[in-house]
J.: 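Below you will find the structure I want to go over with you.
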Amino acid sequence: MSYEMILVEQKAAVTLITLNRPQALNALNSQVLDELIGAFARFEADKSQLCAVVTGSGDKAFAAGADIKEMSDKPGAAFYSEDFFSGWTDKLVKAVRKPWIAAVNGFALGGGCEVAMMADFIIASETAKFGQPEIKLGVAPGMGGSQRLTRAVGKSKAMDMCLTGRMMDAAEAERSGLVSRVVPADKLLEEALKTAETIAAMPPLAAMMNKELVDMAFETTLDTGLIMERRMFQVLTATEDKVEGMKAFVEKRPGVWKGR
Ligand code: HXC
C-alpha cells in the first residue's frame, strides 16, 4: 500500500509512522485516517513488528486536530450517517494489540490530542502543547477526548481544558500524568524509538498481555481486573518465553524470545 499523507518506516522490529501534512499542521482528514488504519493493520499483521511509534512531521505539530476545512462544509446529517471518525477507536485502539507510543512534538490539539491519548503512552517534547479546543468551534471532542483526558488527568483539569479550550504545556502534561516523560525536542524521536526498541526486545506475548491488563484497569472493576491479571499471569507461566526468561536470569544472560 502506498501512502500520501503518512510516512511508514520499519526500523528493525519497530514501525515508525509519521503524520505528514506539515503545511496543515498534520491535521487529520479522512485520508489520513484511512492511511493510518491501513498502516496499523499491517503493523498488527506483521510478525516481525513488535512496537510502533506515531509522530508528526515538522517541528511544529503532532497534529492540530481534525481537519476543520474538511468538516466546515459537511452537512450535519452526514456526520451522523457516516458515523464520522468512528474508525479511530475501533481500528487504532481495539484492533491493535501490540504496543504503540505517541511521540508528541508541538501541537496536539483536538483530534491530535485524542490520537495521542489512544496510544499506550505519550512521550512529549518540551515544546509539546495539548488541548481540546473544540468548544471554540461550537462543538465538543468527538474522538475520545472528554473520556480519555478525564481518565488521564482527572475531572477538574479535564473540565478546565474542555470548557476553556486552553492549551497545556509539556511540563503541566507531565505533572498531570497525561504524558509519561518529557524530553528535549531534538531528542524526541531518538528517545521514542529507543523506548520502542526496549519494548520490542521484551517477550512479545508478555508485552501484549501487559498492555491488555493496564487497559483493563479503565474498563472494569478492581475485582474483575485483579482476577484477569492473575489469570494472564498464570497463562504466561505456560509460555516457552517464561521458561527461557527465568532460565536466562539464573544463567545471568539475556533471554532469547520465541513469542510463544
Ligand atoms: C485544518 C489546519 C488545522 C486544522 C491548522 N491548520 N490547524 N487546517 N484543520 N485543525 C492549517 C491552517 O489553516 C494553516 O493553513 C496552517 O495549518 C498553519 O496554521 P496557522 O493557524 O497559520 O498556524 P499558527 O498561527 O501557528 O497557529 C497554530 C494553531 C492554529 C494554534 C495550532 O492553527 C489552530 O488553532 N488550529 C486549530 C486547532 C483546533 O481547533 N483543533 C481542533 C479541531 S476540531 P493555511 O492554508 O492557512 O496556511 C477536532 C474535532 C475532533 O479536532 C473530533 C472529530 C470527530
Side-chain angles (χ1 to χ4, degrees), residues 3-7 17-37 40 54-96 102-119 122 124-153 157-173 178-179 185 188:
Y3 304 105
E4 286 175 11
M5 305 221 161
I6 62 173
L7 304 170
I17 301 172
T18 306
L19 305 169
N20 191 31
R21 297 182 76 201
Q23 71 291 352
L25 302 186
N26 303 319
L28 307 163
N29 62 15
S30 304
Q31 189 176 343
V32 176
L33 171 60
D34 287 346
E35 293 187 9
L36 257 185
I37 288 173
F40 266 102
V54 177
T55 193
S57 67
D59 51 12
K60 216 174 150 185
F62 175 77
D67 192 318
I68 298 169
K69 292 166 190 166
E70 184 181 69
M71 292 187 293
S72 64
D73 293 331
K74 204 178 191 52
F79 284 95
Y80 181 74
S81 59
E82 290 171 16
D83 205 1
F84 188 71
F85 274 12
S86 59
W88 292 91
T89 286
D90 290 347
K91 303 281 174 40
L92 263 59
V93 182
K94 293 187 186 158
V96 182
V104 173
N105 49 313
F107 295 114
L109 303 177
C113 186
E114 293 172 304
V115 169
M117 291 189 292
M118 288 176 199
I122 300 172
S125 79
E126 285 166 347
T127 55
K129 285 195 186 330
F130 300 86
Q132 298 292 161
E134 287 90 341
I135 193 165
K136 295 184 187 168
L137 301 169
V139 289
M143 290 154 57
S146 63
Q147 306 304 299
R148 293 196 178 95
L149 185 65
T150 307
R151 281 164 167 78
V153 305
K157 213 170 263 285
M159 281 288 191
D160 177 0
M161 304 289 293
C162 291
L163 290 175
T164 67
R166 78 172 175 89
M167 293 185 211
M168 188 190 268
D169 67 17
E172 185 180 3
L178 179 59
V179 310
L188 175 68

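Whatever order the structure lists ligands and atoms in, that order sets their numbers, starting from 1. Quantities reported herein were computed from a predicted structural model and do not represent experimental measurements.
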J.: If you measure from each non-hydrogen atom of Ala64 to ligand 1, which part falls under 4.0 Å: side chain, backbone, both or neither?
T.: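 Near ligand 1, Ala64 shows its backbone as well as its side chain.
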
J.: Answer yes if a protein heavy atom lies under 4.0 Å from atom 19 (O) of ligand 1, otherwise answer no.
T.: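 When distances to the protein are checked, atom 19 (O) of ligand 1 has a heavy atom within 4.0 Å.
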
J.: For atom 37 (C) of ligand 1, what is the nearest protein heavy atom, given as residue, atom name and distance?
T.: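 Sorting protein heavy atoms by distance from atom 37 (C) of ligand 1 puts Ile68 CD1, 3.8 Å first.
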
J.: Under the criterion salt bridge (Lys or Arg N to Asp or Glu O under 4.0 Å), I'd like the reasoning laid out for Lys129 against Glu172: C-alpha separation, chi angles, the key distance, then a yes or no.
T.: CA-CA 9 Å; Lys129 285 195 186 330; Glu172 185 180 3; over 6 Å; no

J.: Indicate, as side chain, backbone, both or neither, the part of Leu137 found under 4.0 angstrom from ligand 1 when only non-hydrogen atoms are considered.
T.: side chain

J.: Is there a heavy atom in Lys136 that sits closer than 4.0 Å to ligand 1?
T.: no

J.: Considering only the protein, which heavy-atom contact is closest to atom 48 (O) of ligand 1, and what is its distance?
T.: Gln23 O, 4.6 Å

J.: Looking at ligand 1, is there an atom of it that comes within less than 4.0 Å of some heavy atom belonging to Gln132?
T.: no

J.: Indicate whether atom 40 (O) of ligand 1 is within a distance of less than 4.0 angstrom of some protein heavy atom.
T.: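 It does: a protein heavy atom is found less than 4.0 Å away from atom 40 (O) of ligand 1.
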
J.: What is the closest protein heavy atom to atom 15 (O) of ligand 1, and at what distance does it sit?
T.: Lys69 NZ, 3.5 Å

J.: What I'd like to find out is whether the side chain of Asp67 reaches to under 4.5 Å of the side chain of Leu28, using heavy atoms alone.
T.: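 No - every pair of side-chain heavy atoms lies 4.5 Å or more apart.
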
J.: Just to confirm, does any protein heavy atom lie below 4.0 Å from atom 52 (O) of ligand 1?
T.: yes

J.: Could you identify the single nearest non-hydrogen protein atom to atom 2 (C) of ligand 1 and state the distance to 0.1 Å?
T.: Ala24 O, 3.8 Å

J.: Do Val104 and Leu188 come within less than 4.5 Å of each other through their side chains, counting heavy atoms only?
T.: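 A side-chain contact under 4.5 Å is absent here.
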
J.: Would you mind running through ligand 1 and noting each atom that sits below 4.0 Å from a heavy atom of Gly110?
T.: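 Answer for ligand 1: 42 (C), 52 (O).
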
J.: Within ligand 1, which atoms have a heavy atom of Ala27 less than 4.0 Å away?
T.: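 Answer for ligand 1: 1 (C), 4 (C), 9 (N).
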
J.: Compute the shortest N/O to N/O distance between Pro133 and ligand 1 and return yes if it is under 3.5 Å, no if not.
T.: no

J.: Using a 4.0 Å heavy-atom cut-off, say whether Glu70 meets ligand 1 through its side chain, its backbone, both or neither.
T.: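 For Glu70, there is no contact with ligand 1 at all, from either part.
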
J.: Out of all atoms in ligand 1, which are within 4.0 Å of some heavy atom of Lys60? Include the element for each.
T.: 23 (O), 24 (P), 26 (O)

J.: If we only count heavy atoms from C-beta on, is the Met168 to Leu178 side-chain gap below 4.5 Å?
T.: yes

J.: Go through ligand 1 atom by atom and flag the ones less than 4.0 Å from a non-hydrogen atom of Leu109.
T.: 32 (C), 38 (C)

J.: How close does the nearest protein non-hydrogen atom get to atom 27 (O) of ligand 1, and which residue and atom is it?
T.: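 Scanning the protein heavy atoms, the shortest distance from atom 27 (O) of ligand 1 goes to Leu25 CD1, 4.6 Å.
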
J.: Please check atom 32 (C) of ligand 1 for a protein heavy-atom neighbour under 4.0 Å.
T.: yes

J.: Any protein heavy atom under 4.0 Å from atom 25 (O) of ligand 1?
T.: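 When distances to the protein are checked, atom 25 (O) of ligand 1 has no heavy atom within 4.0 Å.
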
J.: Do any N/O atoms on Gly111 end up under 3.5 angstrom from N/O atoms on ligand 1?
T.: yes

J.: What part of Ala66, side chain, backbone, both or neither, has a heavy atom within less than 4.0 angstrom of ligand 1?
T.: both

J.: Would you please test Asn105 and Ser125 for side-chain hydrogen bond (donor to acceptor under 3.5 Å, both in side chains) and show each step?
T.: CA-CA 5 Å; Asn105 49 313; Ser125 79; over 6 Å; no

J.: Yes or no: does Glu114 have any heavy atom under 4.0 Å from an atom of ligand 1?
T.: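 Under 4.0 Å: yes for Glu114.
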
J.: Among Met71, Met143, Lys129, whose heavy atom sits nearest atom 55 (C) of ligand 1?
T.: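 Result: the heavy atom closest to atom 55 (C) of ligand 1 is in Met143.
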
J.: Under 4.0 Å and counting heavy atoms only, is there anything from the protein next to atom 9 (N) of ligand 1?
T.: yes

J.: Give, for atom CG of Asn26 and atom CZ of Phe107, the distance between the pair rounded to the nearest 0.5 Å.
T.: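 Reported value, rounded in 0.5 Å steps: 12.0 Å.
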
J.: I'd like to know if atom 35 (O) of ligand 1 has any protein heavy atom within a distance of less than 4.0 Å.
T.: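 Not a single protein heavy atom is under 4.0 Å away.
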
J.: Give the numbers and elements of all ligand 1 atoms closer than 4.0 Å to a heavy atom of Gly142.
T.: 53 (C), 55 (C)

J.: Give, for atom NZ of Lys69 and atom CG of Asn29, the distance between the pair rounded to the nearest 0.5 Å.
T.: 11.5 Å

